[in-house]
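Below is one structure, written out as structure tokens, with a few remarks after it.
Just so we're on the same page: letters track the sequence lines, and every chain starts at 1. From a predicted model like this one, the values you see are computed outputs, not experimental measurements.
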Amino acid sequence: MKNLNNKIKKIKIIIKRLADLYPDAKIHLKYNSAFELLISTILSAQCTDELVNKVMVPLYKEKYKTPKDILNDGIDNFRNNIKSINFYNNKSKSIFKLCEILEKKYNGNVPNSLEELTELPGIGRKSANVILGNYFGKKDAIIVDTHFKRVTSRLGLTENNDSEKIELELKELVPPSEQFDFSIRIGEHGRIICKAKSPKCDECNLNDICPSAYK
DNA sequence: CTCCCGATAT
DNA sequence: ATATCAGGAG
């Protein structure tokens, strides 16, 4: 119990400092609709947001605005158009199947619950929470990507290695109204300071409360 | 636990 | 030439 309270106090400090450091942090993916965000989120798996933007923004503009647009163009054309993105073969299959489901089951719309989203091909909990937080304004969304895993682990906020367990664990520690912003800022911090290989602990404003600093 | 698989930085 | 980037499905 004392340990839990200490964690919560520590998280309060982290929330405050990250908010000061990254007041306007937001997702790097560019989109004009829930559909575009959904497609780009699938494509961003194990891939940078920048590359997804580079490939997809022109495609959304000229041809792929709705699930029907992708279905009508055919899977071969779609796959060919995204082939500079990694895992393009699997991702094309997921997205094509996804578009069929969106048409048949959701009238071309994007569902807005975690349960419905994670049933869609290519969408796991991380991607579902990205959609819910960024498009549907859900504040109590913890987004566990590779950055979130690494940074929260280094900070001593979790001892878990499983993404879903980390998500549920942190949902108990971070105030619901802060969860989404916290996730985005942790991700930003992971990209800029708390990098996988050579973390910049000397530049980190959390190094005084981080058990992993300078190691 | 294995497969998927290209772009960019160094 | 090699390291780094960074989720989901079967």
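Atom CG of A:Leu98 is separated from atom P of C:dG8 by 13 Å (rounded to the nearest Å). The CD1-P distance, from A:Ile95 to C:dA9, rounds to 12 Å in whole Å. Computed from coordinates, the A:Phe96 CZ to C:dG8 P distance equals 22 Å when rounded to whole Å. Look at CG on A:Asn161: it is 15 Å from C1' on C:dA6, rounded to the nearest Å. Per the geometry, CG belonging to A:Leu120 stands 18 Å off P belonging to C:dG7, to the nearest Å. Remark: C1' of C:dG8 and NZ of A:Lys93 are 14 Å apart, rounded to the nearest angstrom. If you take NZ of A:Lys195 and P of C:dC5, they are 8 Å apart, rounded to a whole angstrom.
B:dC5 sits 16 Å from C:dA3 when the C1' atoms are compared, rounded to a whole Å. Comparing C:dA6 with B:dC4, their P atoms sit 22 Å apart, to the nearest whole Å.
Using a 4.0 Å heavy-atom cutoff across all strands shown, A:Ile123 reaches sugar-phosphate atoms only and no base atom. Among the heavy atoms of the strands, none lies under 4.0 Å from A:Arg150. A:Ile82 comes within contact range of no nucleotide atom at all, as no heavy-atom separation falls under 4.0 Å.
Salt bridge annotation for A:Arg191-A:Glu50: absent, with no cationic side-chain nitrogen under 4.0 angstrom from a carboxylate oxygen. Salt bridge status for A:Asp181 with A:Lys139: present, with a side-chain N to carboxylate O gap under 4.0 Å. Look at A:Asp20 and A:Lys16 and you find a salt bridge, because one of the NZ, NE, NH1 or NH2 atoms lies within 4.0 Å of a carboxylate O, short of that distance. We find that A:Arg79 and A:Asp73 are not joined by a salt bridge, their nearest charged nitrogen and carboxylate oxygen being 4.0 Å or further apart.
When each of C:dT4, C:dA6, C:dG8 is scored by its nearest atom to the side-chain atoms of A:His147, the top-ranked nucleotide is C:dA6. Among the nucleotides C:dC5, C:dA6, C:dG7, the one closest to any side-chain atom of A:Ala196 is C:dC5.
With sequence neighbours excluded, no residue forms a ring-ring contact (aromatic ring centres under 6.0 Å, His included) with A:Phe180. Applying the ring-ring contact (aromatic ring centres under 6.0 Å, His included) test to A:Phe35 and every residue at least two apart in sequence or in another chain returns nothing.
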B/S/- contact track for nucleotides 1-10 of chain B, protein heavy atom under 4.0 Å: ---BBSSS--
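Closest-nucleotide positions on DNA chain C for A:Ser44 and A:Glu119 were compared, and the one nearer the 5' end corresponds to A:Ser44.
Regarding contacts with the backbone of C:dG8, a side-chain N or O of A:Ser127 is found under 4.0 angstrom from either OP1 or OP2.
When ring centroids are compared, A:Tyr31 and A:Tyr60 stay outside the 6.0 Å threshold.
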